[in-house]
Protein chains: 2
Amino acid sequence: MGLRERKKLKTRVALIDAALDLFLEQGYESTTIDQIAAAVDVSPRTFFRYFGSKEDVALAPATDAQDVFLSELHDRPGTESPFTALAQAMRAAVALLRDGEPEDKQRFLKARQVVEATPTIFAGQMRLMLANEQRILEEVARRRGADDLRSQFVTATFTSTIRVGLENCTLEELSDLDGMTKRLEDTFALVDELMVAGWDR
Amino acid sequence: MGLRERKKLKTRVALIDAALDLFLEQGYESTTIDQIAAAVDVSPRTFFRYFGSKEDVALAPATDAQDVFLSELHDRPGTESPFTALAQAMRAAVALLRDGEPEDKQRFLKARQVVEATPTIFAGQMRLMLANEQRILEEVARRRGADDLRSQFVTATFTSTIRVGLENCTLEELSDLDGMTKRLEDTFALVDELMVAGWDR
DNA sequence: GTAGATTATGTCAGTCCATGACAGATGACA
DNA sequence: TGTCATCTGTCATGGACTGACATAATCTAC
């Protein structure tokens with residue numbers, strides 16, 4: 001990896017960190033692009049060369065996490081039922097974050113705080129999840145061998161499950177990964193309890 | 001109702017209609033507030049006294065529809081199980097639109113076209129649905145006598161069901177209310193098939 | 001119906017997000 | 001080292017949105 005590429009990655013991370021800190025400190029709305037750029041010593045124009053919008057920088061960690069999830073999903077064995085594969089991929093993605101660089105974990109949790117505290121960003125996260133859902137649907141349809149209403153329902157149920165699990169973390173003010181994992185498991189268990197056997201086949 | 005109030009209502013509707021027509025004709029992004037305001041012969045500043053943002057005017061019909069739905073939900077008998085009440089309220093809301101003023105129906109369908117054609121607005125609709133979900137959750141919790149994870153899950157499942165149903169309308173290019181109703185019924189039937197008996201109690 | 005209180009509207013100035021164009025700086029590579 | 005590709009800063013611009021204040025319309029009481 002050349003110097004240029006390393007510098008770019010460094011700038012990107014610096015922008016995210018500076019932005020998240022400012023958002024947490026003084027709120028998302030009252031933080032300007034100029035402030036973020038100044039904190040990293042780049043021009044405001046450069047900010048927009050790294051992120052398409054102010055919202056994007058706040059959602060960058062979530063976006064990266066989704067990519068990890070999708071990658072894990074593709075690695076799941078084909079024998080697993082669709083929802084099992086989704087749940088396992090989720091567990092794997094969380095585990096990767098838990099055992100990874102502390103800074104990455106820190107950044108991810110900070111980003112979650114910002115998302116929770118800012119309705120605009122929260123809506124943006126939904127937009128992300130929906131865009132992702134399209135790609136998840138492909139995988140579910142592949143495993144079920146049918147791109148129909150039922151595949152859509154399985155996919156939507158997974159999205160809902162994650163959403164409900166994360167919302168509960170917010171309610172209980174859980175900001176650590178272990179707490180998040182527990183809530184997710186509770187919700188997965190509820191799905192198991194309320195769905196008929198083989199519902200996702 | 002006084003003259004002042006009537007005039008305000010008229011301006012509001014005129015702004016929505018003008019905006020939707022412009023959005024459909026030349027796209028949401030390339031339509032400016034100035035154009036919308038000019039079409040109704042008001043100042044751009046006045047536009048923002050009626051709608052908080054450009055997005056809001058596109059989502060106004062959806063917002064109104066949600067209010068109708070919530071009102072119907074509160075009128076459902078307490079004997080119905082939570083999900084049944086939700087589904088029935090949805091049917092009632094659609095019926096009201098079908099049997100109501102043709103202009104209202106027209107406006108609603110136009111707004112749906114705009115929502116479907118514009119990713120930004122689509123995300124905004126998700127934001128709306130989530131805000132609404134909070135109020136739906138209250139009703140579900142009341143009926144179940146418990147504000148717990150399961151109530152959240154029932155609520156989230158309903159939201160997902162509606163979302164999947166509407167997405168299918170888009171895919172099949174159904175833009176009439178009857179087609180929409182059919183898709184929704186299909187999805188409700190699927191829920192009935194995949195959930196264990198009494199799942200929403 | 002007229003005076004005075006309320007409320008809606010228009011005008012103006014300003015902030016901020018976002019983008020295109022171009023020039024200068026910096027790393028890549030022969 | 002020189003040339004090329006790419007990154008960055010500067011400048012100018014457009015469009016969303018907001019606050020402040022003046023004007024005009026409606027409402028209310030007499």
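Just the heavy atoms: all of them, side chains too, but no hydrogens, waters or symmetry mates, feed the values below. Everything quoted here is computed from the prediction, not taken from an experiment. Below, chains carry the letters A, B, ... as their sequence lines are ordered, and counting in each starts from 1.
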Could I get the full list of side-chain hydrogen bond (donor to acceptor under 3.5 Å, both in side chains) partners for B/Arg76, not counting sequence neighbours? B/Glu80

Which ones in residues 25-34 of chain A lie close to DNA chain C, meaning a heavy atom under 4.0 Å from one of its atoms? A/Thr31, A/Thr32, A/Ile33

Run the salt-bridge test on B/Glu167 and B/Arg183 with the 4.0 Å N-O cut-off and return the result as yes or no. no

Nearest-nucleotide comparison on DNA chain D, the residue closer to the 5′ end among B/Lys54 and A/Thr11: A/Thr11

Considering only NZ, NE, NH1 and NH2 on the basic side and carboxylate oxygens on the acidic side, decide whether B/Asp64 and B/Arg12 come within less than 4.0 Å. yes

Check each residue of residues 12-24 of chain B for a non-hydrogen atom within less than 4.0 Å of any atom in DNA chain D, then write out the ones that pass by number, or none. none

Can you see which heavy atom on B/Ala92 is nearest to which on B/Glu72, and at what distance? CB-OE1, 3.3 Å

Considering residues at least two apart in sequence or located in another chain, which fulfil the salt bridge (Lys or Arg N to Asp or Glu O under 4.0 Å) criterion with B/Glu139? B/Arg142, B/Arg143

Positions of residues 112-120 of chain B (non-hydrogen atom under 4.0 Å from DNA chain D), listed by number: none

Give a yes or no on whether a salt bridge exists between A/Asp178 and A/Lys182, defined as a side-chain N under 4.0 angstrom from a carboxylate O. no

Pairs touching residues 187-196 of chain A that satisfy side chain to side chain donor-acceptor pair (under 3.5 Å), sequence neighbours left out: none

Its contact letters, B for base, S for sugar-phosphate only and - for none at protein heavy atoms under 4.0 Å, make nucleotides 25-30 of chain C read -BBS--

Can you sort out the partners of A/Arg144 under side-chain contact (heavy atoms from CB on, under 4.5 Å), two or more places apart, ordered by chain and number? A/Pro82, A/Val140, A/Ala146, A/Asp148, A/Arg150, A/Ser151

B/Glu103 and B/Lys110 ion-paired at < 4.0 Å: no

Assign the ring pair B/Phe69 / B/Phe158 to parallel, tilted or perpendicular, where the plane angle (0 to 90°) is split at 30° and 60°. parallel

Pair B/Ser81, B/Thr84: side-chain N/O donor-acceptor within cut-off below 3.5 Å: yes

Donor-acceptor side-chain pairing of B/Gln106 and B/Glu101 below 3.5 angstrom: no

Determine, using ring centers only, whether B/Phe188 and A/Phe153 are less than 6.0 Å apart. no

Classify the side-chain pair B/Glu133/B/Thr155 by whether it contains a donor and acceptor separated by less than 3.5 Å. no

What residues, two or more places apart in sequence or in another chain, satisfy salt bridge (Lys or Arg N to Asp or Glu O under 4.0 Å) together with A/Arg135? A/Asp67

The correct set of residues in residues 41-52 of chain A placing a heavy atom under 4.0 Å from DNA chain C is A/Arg45, A/Phe48, A/Arg49, A/Gly52

Distance-only side-chain donor-acceptor flag, B/Thr157 / B/Ser160, under 3.5 Å: no

Contacts of A/Leu166 meeting side-chain contact (heavy atoms from CB on, under 4.5 Å) (sequence neighbours excluded), chain-then-number -> A/Arg112, A/Ile162, A/Met180

Span of DNA chain D, from the first to the last nucleotide whose atoms fall under 4.0 Å of chain B heavy atoms: D/dG15 to D/dC27

